[in-house]
Q: 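Quick one: this structure, given as structure tokens, is what I'll be asking you about.
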Amino acid sequence: MSETASIKLGDKSYNLPVITGSEDESAIDISKLRDITGYITIDSGYKNTGATKSAITFLDGEKGILKYRGYSIEELASKSTFLEVAYLLIYGDLPTQVEIEKFQKDISRHTLVHEDMKKFFDGFPSKSHPMGQLSSLICSLSSFYPESLNSGQTAEEQNLTIIKLLAKMATVVSWIYKKSLGHPIVYPQNKLDYVTNFLNMTFGQRTEEIEIDPVVVSAMNVLLILHADHEQNCSTSTVRMVGSSECNLYASISAGISALWGPLHGGANQAVIEMLESIKADGGDTDKWINKAKDKNDSFRLMGFGHRVYKNFDPRANIIKKACDEVLEKLGVNDPILEIAKKLEAAALSDPYFVERKLYPNVDFYSGIIYRALGFPTDMFTVLFALGRLPGWIAQWKEMRENKEPIGRPRQIYVGEVNREFVEISKR
Ligand code: MLT
């Protein structure tokens, strides 16, 4: 017999169905609660509320487990490529050799963006934040590819929209970087694989194809894989919510990019480096700042430590730390900011204050360090997070559409004024 939950309201009792997922998570199904009781639930920030049933990503915050379509993040990061993982997330299975070659070829055919989009770049102020540019440019794709606006797209038409977005996002991200430098853009080299092509468009020159260190390509693949999806986080929930109104994919992803921009979400990796830079500017006394972080009367908090979902450690951080050490060693990076980072890391992993509060270095701490070592400016870090998260956003949007989920429309409890009589302004 299936489990039920009983609730007692006044002198009445009600039974509600319980559902259990494939990883033995359980939820009380309250979809009929208001109909049978007149009550709703309330859960600010949805920390105890499931928005959907999804087959894409599973994480266990207590055990530090993260899986994409049933594959552990550790295996995927060490044995797969970002493009393979994107295929896995979007279509549900790891591709065969034939499938991944076709996927890469399809993407290569769409890496160019409409030349008129370059006018947008000219319109942005030179110091405008890359995330604002990215959100605008990705939404503008719906103007250049109006077939994406048809909510009744066939599976083939929807897939073409998906391929175009995967292909063009890498080009747009690299062009945003080039604009920030005032440098000429570098066009895609379609003989290169997805990540190498992105790095060449980003760090290459118009006149020559640069040699990209395989350690950098490997680290970039790992970084993008680790950021590819993460259940119903803020930006993914935004993509699902906007997509639930049958809004086109480009605009839905643009909304997700805007949500990711926030310093409490994707902006955390930028905030990590800004914190390190402020400690350096203050003289680099890490002990002083560690004590400030521990002082309950001091508002300073360490950025890049702990996580709202992972209670003991962020499995992605363990993987990225290894890649971080490899990149720093291989590139021979000697950066005082990174020395400060290592002192904070050592404290967070040994000081009882941080250990007891599970304030361990998270994925944002190490990704900020690697991106800096690779030469990206700080305000590009969240854009790189978005590039990694793109296949996850697409997969979640596609799943929501395929499952014909209803438009998102949460309820509320009203706590404002009740009956007020209108008074003419002359008498107020
Ligand atoms: C993410 O990967 O989206 C971040 O860790 C935030 C989250 O999952 O809430």
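Because the structure is a prediction, the values reported are computed rather than measured. Side chains included, hydrogens not; waters and symmetry mates left out as well; all remaining heavy atoms used. Atoms within a ligand are numbered from 1 in the order they appear, just like the ligands themselves.
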Q: With heavy-atom distances below 4.0 Å as the criterion, list the atoms of ligand 1 near Arg308.
A: 6 (C), 7 (C), 9 (O)
Q: Nearest protein heavy-atom contact for atom 8 (O) of ligand 1: which residue, which atom, what distance?
A: His230 ND1, 2.5 Å
Q: Is the distance between the ring centroids of Phe365 and Phe305 under 6.0 Å?
A: yes
Q: Tell me, please: is Arg389 in heavy-atom contact with ligand 1, that is, under 4.0 Å?
A: yes
Q: For atom 4 (C) of ligand 1, what's the nearest protein heavy atom and its distance?
A: His307 NE2, 3.8 Å
Q: Would you say that Leu302 contacts Leu359 through its side chain, given a criterion of any heavy-atom pair below 4.5 Å between the two side chains?
A: no
Q: Need the ligand 1 atom indices (1-based, order shown) with element for anything under 4.0 Å from a heavy-atom of Asn233.
A: 3 (O), 7 (C), 8 (O), 9 (O)
Q: Hey, which atoms in ligand 1 end up nearer than 4.0 Å to a heavy atom of Arg316?
A: 1 (C), 2 (O), 5 (O)
Q: Can the ring centres of Tyr310 and His230 be said to be less than 6.0 Å apart?
A: yes
Q: For the ring pair Phe385 and Trp261, is the centre-to-centre distance below 6.0 Å?
A: no
Q: List, one per line, each side-chain donor-acceptor pair under 3.5 Å for residues 263-275, sequence neighbours excluded.
A:
{"from": "His265", "atom 1": "NE2", "to": "Asn233", "atom 2": "OD1", "distance (Å)": "3.3"}
{"from": "His265", "atom 1": "NE2", "to": "Ser235", "atom 2": "N", "distance (Å)": "3.1"}
{"from": "His265", "atom 1": "NE2", "to": "Ser235", "atom 2": "OG", "distance (Å)": "2.8"}
{"from": "Asn269", "atom 1": "OD1", "to": "Thr382", "atom 2": "OG1", "distance (Å)": "3.4"}
{"from": "Gln270", "atom 1": "OE1", "to": "His129", "atom 2": "NE2", "distance (Å)": "3.1"}
{"from": "Gln270", "atom 1": "NE2", "to": "Glu274", "atom 2": "OE2", "distance (Å)": "2.7"}

Q: Measure His265 to ligand 1 on non-hydrogen atoms and call it side chain, backbone, both or neither using the 4.0 Å cut-off.
A: side chain
Q: Given the side-chain rings of Tyr177 and Phe203, with only the six-membered ring counted for Trp, is the space between their centroids under 6.0 Å?
A: yes
